[in-house]
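Notes follow the structure.
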Amino acid sequence: MEVIILEDSHAVATLSAQRISDLINKKPTAVLGLATGSTPIALYQKLISLYQQGTLSFRHVVTFNLDEYIGISPNNPQSYHAFMKRELFDSIDIQPHNSHLPTCERAGETSCQVGAAYEQAIAEAGGIDLQVLGIGSNGHIGFNEPSSSLVSRTRVKTLTQATVNDNNRLFEEGEFQPRLAMTMGIASILDSQQVILLATGAQKARAVCNAIEGPLSAMCPASALQLHKQVTFILDEAAASKLENHHYYRWVRRINESLEKN
Ligand code: F6R
């Protein structure tokens, strides 16, 4: 695992945008796995700037989002469909038919069928080249809450009270807040060629430490990334503040940077 500790959330967004733009410039038909939430917003702003500067195009890029709420329509501003349009898709040249989010709204199909169809669509696109992840303060990735099976696939999950509380800040008082979501599974995430997990802020420090240095456990779903062959944690100082081995991660980074220069 590569663990990169940067001074602040701005640097986290800059480096992750760089990784994504390098991939797309090498492979214009790249398949990206995308996340919602507060953390990747700065990354999406950087990607929009690169597009506006003319150094990056999403014309042939395909995207699959991790998750979507159940119980609100894709047109609801609180939906992840709406979030992605607002924060990224409406400001870049991605073709609408190339961006995918899981949804349970398909008439006549059970959620199991919808989940299986989502997995199949990812496979038919050639699999995910690079998956962007955030992390919940309880260690969730996507909406794979603690106790999720490490071999899970796209399906409906019930959100924990901790996640509902964390996201409550985004809902008005009295507004309906979903308790269920359709999410890619942990095995779906592990199938991707490359993963970058972004974490910023002290409220993520415990989960980050459990994911990287804790035991592999369904109680910290992000710890399943220990099984992935190409995963990079891109952290700010606050999110990295509970890592015991932080001297080593910084040392590796310095060595890698000096190798890149030579
Ligand atoms: C969202 C997602 C979640 C978030 C996590 C962190 O698509 O998959 O796992 O990444 O809840 O959310 P923020 O970034 O809002 O702290």
Side-chain angles (χ1 to χ4, degrees), residues 8-10 12-13 16 32-46 63-70 72 74 76 78-89 99-104 115 118 122 128 130-148 152-171 177-190 192 195-208 210-211 218 220-225 231-236 238-240:
D8 56 22
S9 57
H10 179 73
V12 169
S16 42
L32 302 179
L34 297 179
T36 56
S38 312
T39 313
I41 291 179
L43 157 66
Y44 296 153
Q45 284 166 358
K46 297 268 176 209
T63 64
F64 288 91
N65 264 76
L66 283 165
D67 40 24
E68 176 58 290
Y69 286 127
I70 291 178
I72 54 178
N76 185 312
Q78 294 286 10
S79 75
Y80 286 165
H81 281 75
F83 174 100
M84 289 308 300
K85 276 171 71 58
R86 193 168 59 236
E87 302 297 340
L88 182 66
F89 297 153
S99 62
H100 309 269
L101 285 95
T103 172
C104 259
Y118 200 64
I122 295 173
I128 290 174
L130 186 151
Q131 174 68 56
V132 177
L133 295 177
I135 184 169
S137 56
N138 64 1
H140 73 212
I141 47 176
F143 274 134
N144 296 285
E145 297 285 31
S147 78
S148 288
S152 50
R153 294 271 163 197
T154 305
R155 72 218 182 285
V156 174
K157 281 295 292 180
T158 304
L159 308 186
T160 58
Q161 194 57 49
T163 296
V164 171
N165 294 347
D166 279 353
N167 290 346
N168 189 259
R169 69 189 194 283
L170 305 168
F171 291 81
Q177 186 181 354
R179 261 53 179 178
L180 296 173
M182 173 75 85
T183 180
M184 276 167 58
I186 294 177
S188 332
I189 292 169
L190 292 179
S192 49
V195 175
I196 58 174
L197 184 148
L198 321 183
T200 56
Q203 73 282 11
K204 301 295 173 66
R206 173 55 54 203
V208 164
N210 288 341
C220 177
S223 69
L225 297 172
V231 57
T232 305
F233 290 82
I234 307 180
L235 313 170
D236 70 359

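Sequence positions, counted from 1, serve as the residue numbers for this chain. Whatever order the structure lists them in is the order used to number ligands and atoms, beginning at 1. In what follows, every heavy atom counts, from backbone to side chain, and hydrogens, waters and symmetry copies are set aside.
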Identify the protein atoms, limited to N or O, that lie within less than 3.5 Å of an N or O atom of ligand 1, and list each pair with its distance to 0.1 Å.
residue: ligand 1; atom: 7 (O); partner: Thr36; partner atom: N; Å: 2.9
residue: ligand 1; atom: 7 (O); partner: Thr36; partner atom: OG1; Å: 2.7
residue: ligand 1; atom: 7 (O); partner: Asp67; partner atom: OD1; Å: 2.7
residue: ligand 1; atom: 7 (O); partner: Asp67; partner atom: OD2; Å: 3.3
residue: ligand 1; atom: 8 (O); partner: Asp67; partner atom: OD2; Å: 2.8
residue: ligand 1; atom: 9 (O); partner: His140; partner atom: NE2; Å: 3.4
residue: ligand 1; atom: 9 (O); partner: Gly142; partner atom: N; Å: 3.4
residue: ligand 1; atom: 9 (O); partner: Gly142; partner atom: O; Å: 2.7
residue: ligand 1; atom: 11 (O); partner: His140; partner atom: NE2; Å: 2.7
residue: ligand 1; atom: 14 (O); partner: Ser38; partner atom: N; Å: 3.3
residue: ligand 1; atom: 14 (O); partner: Thr39; partner atom: N; Å: 2.9
residue: ligand 1; atom: 14 (O); partner: Thr39; partner atom: OG1; Å: 2.5
residue: ligand 1; atom: 15 (O); partner: Ser38; partner atom: N; Å: 2.8
residue: ligand 1; atom: 15 (O); partner: Ser38; partner atom: OG; Å: 3.4
residue: ligand 1; atom: 15 (O); partner: Arg169; partner atom: NH2; Å: 3.4
residue: ligand 1; atom: 16 (O); partner: Lys204; partner atom: NZ; Å: 2.6

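- Using a 4.5 Å heavy-atom threshold, the side chains of Leu88 and Phe83 count as separate.
- When the side chain to side chain contact (heavy atoms under 4.5 Å, CB included) test is applied to Ala199, the partners found at least two apart in sequence or on another chain are Ile135, Leu197, Lys204, Val208, Leu235, Ala239.
- Annotation: side chain to side chain contact (heavy atoms under 4.5 Å, CB included) contacts of Arg153 (sequence neighbours excluded): Glu119, Ala187, Ser188, Asp191.
- Looking only at atom types and distance, the side chain of Thr163 has a donor-acceptor partner in the side chain of His140 under 3.5 Å away.
- Residues Ile186 and Ser148 are in side-chain contact: their nearest non-hydrogen atoms beyond the backbone lie under 4.5 Å apart.
- For Ser137, the side chain to side chain contact (heavy atoms under 4.5 Å, CB included) partners are Asp166, not counting sequence neighbours.
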